Amino acid sequence: MGVPSVFLRTFGCNFKCAGFGMPRGELSEEATKIDLDLYKDYNSLPLVSTGCDSYASWDPRFRHLSPVLDTDAIADAVVDTLPHKEWRDEHLVITGGEPLLGWQKQYPDLLDHPKMRGLKEITFETNGTQKLSEEFKEYLQGWYNMSREITFSVSAKLPCSGEAWSDAICPAVVGEYVDYGTTYLKFVISTEEDLKDAERAVEEFRAGGFTGPVYIMPVGGVERVYTLNNRAVAEMAMRKGWRYSDRLQVLLFKNEWGT
Ligand code: SF4
């Protein structure tokens, strides 16, 4: 938090996470009920208080609102957001949707682009279900050897997301990330039941070779939901000796699109 960062959001996800913010077992229909005819661009889409708060980055109904850019155009757009139009202390966060889907084959082209020279640190914000391809592993190893930093921020999905445990908790996949970058787990929590699920998941991830720290974060893409349980989740983290992750973008920007 607080690190100057550029977020590159890829389109598509293997999950829907319609359970967030809903009573257990129920799925949100908030995003599916949005009337597409009312919205002509991404930034005007409504924020949702239940389900995935990044719905427009994977739901095919909103696909036409995402630009399709080639590598040059992405590199230009990314560097254009930097305050000095060149990399200094900024960090590139590649997020989604799920950024480790088929996009893995495109990253070497982008990260080797002349405009990306000077970039020293990247983070993949992943749900931890996608294996790294052999080609991508080789590429990441090269990055590592050049003392550039790679982080896997693994937001594994607990049952409160609405996704099935067997699909969402993939210890062998995450156990492999550890060999290619700093890896931590991050769980979205609202209740004690979620905390118990997180404990079970951490045990499974540890058995699969995960060695890093664990963060928990309050549910809530909008402020009124988020502020309901942030203190309780912080206290759970203190009790467990885990790390607490705030949602700074909700407090600062009210989770507007682009933040
Ligand atoms: S994994 Fe992330 S982007 Fe995909 S549906 Fe779930 S919360 Fe949304």
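One-based numbering along the sequence shown. Whatever order the structure lists ligands and atoms in, that order sets their numbers, starting from 1. On a predicted model such as this, the values are computed, not experimentally measured, just so you know.
- A donor atom on one side chain and an acceptor atom on the other are not found under 3.5 Å apart for K131 and S133.
- A side-chain donor from one of N14 and N127 sits under 3.5 Å from a side-chain acceptor of the other.
- The aromatic rings of F210 and F205 stand perpendicular to each other, their planes meeting at an angle above 60°, with 30° marking the opposite boundary.
- For atom 8 (Fe) of ligand 1, protein N, O or S atoms closer than 2.8 Å were enumerated as C52 SG, with waters left out.
- The cluster map of Ile, Leu, Val, Met, Phe, Trp and Tyr, joined by side-chain heavy atoms under 4.5 Å apart, puts V3 and M1 in different clusters.
- Counted within 6.0 Å of NZ on K33, heavy atoms from surrounding residues, nucleotides or ligands total 12 or fewer; the atom is thus considered open.
- The atoms of ligand 1 that sit less than 4.0 Å from any heavy atom of K157 are 1 (S), 2 (Fe), 6 (Fe), 7 (S).
- No donor-acceptor pair closer than 3.5 Å links the side chain of R243 to the backbone N or O of V214.
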